[in-house]
Amino acid sequence: MPRPQRSAEEYVRGIRAGDRVVLAQAITLVESARPEHQVLAQTVIQQLLDTPNSKPKTQNSKLKTQNSKKPNLRIGVTGAPGVGKSTFIEALGMLLVAQGRQVAVLAIDPSSSLSRGSILGDKTRMERLSASEQAFIRPSPAGDSLGGVARKTRETILLVEAAGYDTVFVETVGVGQSETAVHRMTDVFVLLLLPGAGDELQGIKRGIVEMADILAVNKADGDRIKLANQARAHYLNATHLLPPAPSGWAPRVLACSSQDGAGIPEVWAAMEEYWECVQANGFFTKNRRQQAQYWLQEALESGLRSAFYGHPEVKRQLAALEPEVLAGRVSPFAAAAQVLRSAGFIPLPPEV
Ligand code: GDP
């Protein structure tokens, strides 16, 4: 990336004005690993948080006002590769654009950094939605760890919301713990399923069904309608057996066709009901606060880790002690305590 040309104020002004070029550049700044970019990115985000956006983006302002009382919505979407996540987001996104919403689509795809080939990003995605002036689509950031990739996406949510996008999709493919990361930065979590096949065949990991607020059996069209209804009955049954969720919401199981649009308005209606439920019972706000707390802890832990391992004394001591530990001459615990002490991370014990 070239050196940043803009000041924090210029980024803030551009983002507030809905300038997509400036927004994209600010996201690149957030995604950059260079310390000076990180400092500037944090300044931009802080300035945006200090002065919340009161006025909607100019385009479609008439339509926009009818939605102006609704909160920003963050929607997580997961499901096995090929289940139809992009097609689903495009179909639902087009519906929301027609209602006057501004839609941003972000992604977390740790596979792109692990294998250098991305599962989500290689195909031509969401052509209709990306042609809309009310939509902004950004591929997954690259990174060497899921934590790093996820943190960048969490910050990017703040940027796109500041630019006036009131509906943010975060899409992920079930690699590593990426669903959990998406669940921790969104308000509602949608699991897409295929007609017919059970969990094992669909590659659905344990715990994912429990996280979902809405389960949608996609590709319920053509000769798959019967299979889709069977899958729906299966998951309806499975969700009935789950303990009540902290949100107070009982998960919905629906069938839809992202290809021809059948059932998509019903999925949206279920999401709206979900929001009404969690706003009325306070979970919406509570959940966002807990998420902020989680990301604070996460940032502290990863900051500590990199400060620690980057410390010259730590590097020196580790290089000296590791062979001793491997040879069994020093215990791993004594070695760890010595390294931590050498970097001042734990105080020296009192003299005896
Ligand atoms: P992703 O990997 O989960 O993002 O899946 P895609 O959205 O790329 O879709 C994978 C394939 O399934 C594509 O060929 C889509 O055209 C197709 N597809 C997606 N949704 C539907 C649907 O509702 N019905 C049918 N018949 N095909 C679909």
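As the structure lists them, so they are numbered: ligands from 1, and atoms in each ligand from 1.
The heavy atom nearest to atom 7 (O) of ligand 1, out of those in T87, L194, N218, is found in T87.
Of the inter-residue distances, the one linking Q38 atom CD with E36 atom CD reads 10.0 Å to the nearest 0.5 angstrom. Residue F189 holds its CZ atom at 8.0 Å from OG1 of T172, rounded to the nearest 0.5 Å.
Using modelled atom types, one finds no donor on one side chain facing an acceptor on the other under 3.5 Å when comparing E301 with Q297. Checking T28 against R138 by side-chain atom types alone, a donor-acceptor pair falls below 3.5 Å.
Listed by number with element, the atoms of ligand 1 under 4.0 angstrom from any heavy atom of D221 are 22 (C), 23 (O), 24 (N), 25 (C), 26 (N). Those atoms of ligand 1 with a heavy atom of K85 less than 4.0 angstrom away are 1 (P), 2 (O), 3 (O), 4 (O), 5 (O), 7 (O). Close contacts of ligand 1 with S86, meaning ligand atoms under 4.0 Å from a residue heavy atom, involve 4 (O), 7 (O). Heavy-atom proximity to S258, at under 4.0 Å, picks out these atoms of ligand 1: 20 (N), 22 (C), 23 (O).
If you look at A80 next to ligand 1, the close heavy atoms, those under 4.0 Å, all belong to the backbone.
Heavy-atom distances between G82 and ligand 1 reach below 4.0 Å in at least one pair. Not a single heavy atom of E90 sits under 4.0 Å from any atom of ligand 1.
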Show which side-chain atoms of residues 249-258 pair as donor or acceptor with protein atoms under 3.5 Å away, not counting sequence neighbours.
{"unit_1": "W249", "atom_1": "NE1", "unit_2": "D213", "atom_2": "O", "d": "3.0"}
{"unit_1": "R252", "atom_1": "NH1", "unit_2": "E273", "atom_2": "OE1", "d": "3.4"}
{"unit_1": "R252", "atom_1": "NH2", "unit_2": "E273", "atom_2": "OE1", "d": "2.8"}
{"unit_1": "S257", "atom_1": "OG", "unit_2": "D221", "atom_2": "OD2", "d": "2.6"}
{"unit_1": "S257", "atom_1": "OG", "unit_2": "Q259", "atom_2": "N", "d": "3.4"}
{"unit_1": "S257", "atom_1": "OG", "unit_2": "D260", "atom_2": "N", "d": "3.1"}
{"unit_1": "S257", "atom_1": "OG", "unit_2": "D260", "atom_2": "OD1", "d": "3.0"}
{"unit_1": "S258", "atom_1": "OG", "unit_2": "N218", "atom_2": "OD1", "d": "2.7"}

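Inclusion of G84 in the set of residues having an N or O under 3.5 Å from an N or O of ligand 1 is warranted.
For the pair E313 and R316, the salt-bridge criterion is met [side-chain N within less than 4.0 Å of a carboxylate O].
Remark: side-chain polar atoms of R288 are not paired, donor with acceptor, to backbone N or O of D187 under 3.5 angstrom.
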